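Let me begin by presenting the structure, written as structure tokens, before commenting on it.
Bear in mind the structure is a predicted one, so any value in this text is a computation, not a measurement.
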Amino acid sequence: MNAAAASAAAAAVVTAPRCDRTKAWGALQGHFEAHGRELDLREAFARDAGRFDAFSLQAPEVFADLSKNLIDVATRRFLLDLARECRIAERRDAMFAGAPINTSEGRAVLHTALRAPPGTAPFSAEVHGVLDEMLAFAEQVRGDGAFTDVVNIGIGGSDLGPAMAVPALDAFGQRGLRLHFVSNVDGHDIAPVLRELQPRQTLFIIASKTFTTQETMANAAVARRWFLAQGMAESEIGRHFCATTTNVQAAAAFGIARTFGFWDWVGGRYSLWSAIGLPIAIAIGAANFRALLAGAHAMDRHFVEAAPAANLPLQLGLLDVWYRNFHRFASRSIAPYHQGLRRLPAYLQQLEMESNGKRVGADGEPLPATLGTSPVVWGEPGTNGQHAYFQMLHQGTDVIPVEFIAVKRPGHDYPALHTMLLANCLAQSQALMQGKTAAEAATEHPPTASPTVDRAALARQRSFPGNRPSTTFVLDELTPRSLGALLAMYEHRVFTSGALWGINSFDQWGVELGKALCNQLLPRFANGDAAGLDGSTAGLLQRLMR
Ligand code: F6P
């Protein structure tokens, strides 16, 4: 064991009270009842000309305007007290040092070590050994021109990160090299991909931390059969298939000789920085992949070093608790105003909901029913979302905080389109906050309104409550570095809210029951045996088999 690994092994898990058992919680409750619940953003801006400056933060690569959130100076102060009482700083340091904070699996949580410069974090030699090897391979694939298509077969954390980052960084991609992502066990996913491929020019990456995941193994077997059916020899599998996994033996048993490894202290949903990032490295090249890591590392340093009041991931995690547990907002919408970020909401769904969708604490104690954890995270790129579900955001009965992501400089040559996009982005957060009274609506003459409609009823239907909160993140440009920083910001925010709730954000026992029941059902599809099943499952089984 080297020195860094030894110090990681020695790092201890920090104990701390759950958020609702602190003094700060009581203060927050009092503050919520007295001021928080009724805070009006329009009045807050009218009262305080400095609100934008007071509630915006600059972190590496990411500017965040938090001023359109339902917070004031006192909210922030009490939330910071909460962070102190819950020992977030000490727990963050324990994570970075390699303490086994994933207690139910006895594992460290060290995705931050994957993006740390050589010699500065635990397991540095191993991390940089694999990274160098993987990037050399990525350059080879890009350089020798033998491959025109790369197919990543993986699911969850072995798919969502690369599937999100590759289109996001399209401007940095190599032309003539097509990246495909197959994840679903539904054959409608792989079939159209295979249809377009030439086996001689195709590289398959079988991406699976465990190399046991049903969907990935099934799709990998389909790809292998297809490859051989195209007249390729078994001996050519070595050149056309590689694996990214912690389970090198299982990959070898599948017939894969070239494997890029990683470690059990890399959670699936935190793994795009590891060998799982191979498709990204092939798409954007080694130097750009290193820039992605450097951006994430810069955000890591910010999370560790910035003062609490200026610490963006910390502030976001605290805000999440404020909204979830005091305002009782049950969901948060992500609206990236950049088409390249179209898969970001799906990526964040796994990051946040698989991490913090828990109802029993890390100590094994069920959380009180009143202590909600992960909100539903969902969204679509703007402006598309505006023409779909923004109606509900503006006028629905639920308040849903929205997170806008705006990028100042586009990666294309259509400046007029970009200006329109940005104007739309600002207009939406403005409209959510500003609203429109029925009296204002009554002065309007909408051309599509029925001439016989009751004018007062129409005005009420056309009014907007406003005071709906939002955060706007601004990136100067969407680059590997800024994307890395943005994603690390989300990771640390999830760590913060999970730590406040006292849950283990790094296991995912909740996915297991369905997997086990699926394995029990599979043979019933062959023999039709519905004995012992509940009436609905039995009825559906028989209907699907008929
Ligand atoms: O089903 C959940 C999960 O275990 C995720 O946490 C993980 O990212 C995904 O499945 C894929 O797992 P693997 O990389 O081991 O195939």
Side-chain angles (χ1 to χ4, degrees), residues 130 133-134 136-163 166 174 176-262 268 271 274-283 515 518-519 521-523 525-526:
V130 175
E133 229 181 279
M134 169 188 115
F137 177 64
E139 284 300 322
Q140 189 191 318
V141 172
R142 288 161 65 80
D144 69 10
F147 296 116
T148 54
D149 294 85
V150 177
V151 185
N152 190 77
I153 297 180
I155 198 164
S158 298
D159 164 69
L160 288 164
V166 167
Q174 171 147 317
L177 193 55
R178 287 178 295 271
L179 274 288
H180 311 269
F181 294 91
V182 170
S183 53
N184 201 336
V185 77
D186 180 353
H188 295 106
D189 200 2
I190 198 167
V193 173
L194 292 180
R195 217 161 38 221
E196 299 303 316
L197 299 177
Q198 297 298 328
R200 272 182 206 295
Q201 291 155 16
T202 300
L203 173 69
F204 290 98
I205 302 171
I206 313 302
S208 175
K209 179 174 170 178
T210 54
F211 224 81
T212 58
T213 302
Q214 182 200 57
E215 294 92 327
T216 302
M217 293 303 103
N219 276 320
V222 167
R224 193 178 192 280
R225 271 201 306 278
W226 171 87
F227 183 77
L228 297 174
Q230 303 298 303
M232 303 295 284
E234 286 268 354
S235 59
E236 289 171 295
I237 286 187
R239 182 170 149 65
H240 289 268
F241 283 75
C242 67
T244 52
T245 183
T246 59
N247 190 350
V248 177
Q249 271 178 339
F254 183 90
I256 293 180
R258 184 183 280 120
T259 300
F260 300 95
F262 58 109
S271 65
S274 72
I276 291 294
L278 177 60
I280 309 173
I282 292 174
K515 287 183 187 176
C518 174
N519 286 333
L521 280 170
L522 266 175
F525 273 84

Is there a side-chain contact between T245 and T259 (heavy atoms, below 4.5 Å)? yes
To the nearest 0.5 Å, tell me how far D189 CG sits from N219 CG. 6.5 Å
Looking only at heavy atoms, which two atoms of G154 and T216 are closest? And how far apart? CA-OG1, 3.6 Å
Of the non-hydrogen atoms in V185 and A218, which two are nearest, and what is the gap between them? CG2-CB, 4.1 Å
Which donor-acceptor pairs under 3.5 Å do side chains of residues 139-147 form with protein atoms, sequence neighbours excluded?
{"from": "E139", "atom 1": "OE2", "to": "A286", "atom 2": "N", "distance (Å)": "2.7"}
{"from": "R142", "atom 1": "NH1", "to": "I282", "atom 2": "O", "distance (Å)": "2.9"}
{"from": "R142", "atom 1": "NH1", "to": "A283", "atom 2": "O", "distance (Å)": "2.8"}
{"from": "R142", "atom 1": "NH2", "to": "Q174", "atom 2": "OE1", "distance (Å)": "3.4"}
{"from": "D144", "atom 1": "OD1", "to": "A146", "atom 2": "N", "distance (Å)": "3.0"}

If I compare all heavy atoms of F254 with all of A220, which pair ends up nearest, and what's the gap? CZ-O, 3.5 Å
Looking only at heavy atoms, what is the nearest atom pair of A207 and S158, with distance? O-CB, 3.3 Å
For I276 versus G157, what's the shortest heavy-atom pair and its separation? CG2-O, 3.6 Å
Mind checking what makes ring-ring contact (aromatic ring centres under 6.0 Å, His included) contact with F262, not counting sequence neighbours? none
Are V166 and F181 side-chain neighbours, meaning at least one heavy-atom pair lies under 4.5 Å? yes
Quick one: are N152 and V182 in side-chain contact, heavy atoms under 4.5 Å? no
By side-chain contact (heavy atoms from CB on, under 4.5 Å) - contacts of R195 (at least two apart): P192
Ignoring hydrogens and geometry, is there a side-chain-to-backbone donor-acceptor pair from T246 to K209 under 3.5 Å? yes
How long is the span from the CG atom in L203 to the CG atom in L197, to the nearest 0.5 Å? 11.0 Å
Going through the distances and angles, do M134 and T244 end up as a side-chain contact (heavy atoms from CB on, under 4.5 Å)? CA-CA 10 Å; M134 169 188 115; T244 52; 6.0 Å; no
With the side chain counted from C-beta on, respond yes when S183 and E215 share a heavy-atom pair under 4.5 Å apart, and no when they do not. no
All N/O donor-acceptor pairs, side-chain side in residues 231-239, below 3.5 Å, sequence neighbours left out:
{"from": "E234", "atom 1": "OE1", "to": "R224", "atom 2": "NH2", "distance (Å)": "3.4"}
{"from": "E236", "atom 1": "OE1", "to": "A233", "atom 2": "N", "distance (Å)": "2.8"}
{"from": "E236", "atom 1": "OE2", "to": "R200", "atom 2": "NH1", "distance (Å)": "3.4"}

Side-chain heavy-atom pair F260, S274 within 4.5 angstrom cut-off: no
Supply the atom-to-atom distance E133 CD to R258 CZ, rounded to the nearest 0.5 angstrom. 9.5 Å
Nearest-0.5 Å distance that lies between atom OG in S271 and atom CG in L160: 9.5 Å
Does F241 have any ring-ring contact (aromatic ring centres under 6.0 Å, His included) partners at least two apart in sequence or in another chain, and if so, which? F204, F227
State, to 0.1 Å, how close C242 and L278 come at their nearest heavy-atom pair, and which atoms those are. SG-CD2, 3.9 Å
With no hydrogens and no angle check, is any side-chain donor or acceptor of N247 less than 3.5 Å from a backbone partner on T210? yes
Among residues at least two apart in sequence or on other chains, which ones pass side-chain hydrogen bond (donor to acceptor under 3.5 Å, both in side chains) with D149? R178, H180
Do the side chains of I205 and V150 get nearer than 4.5 Å, heavy atoms only? yes
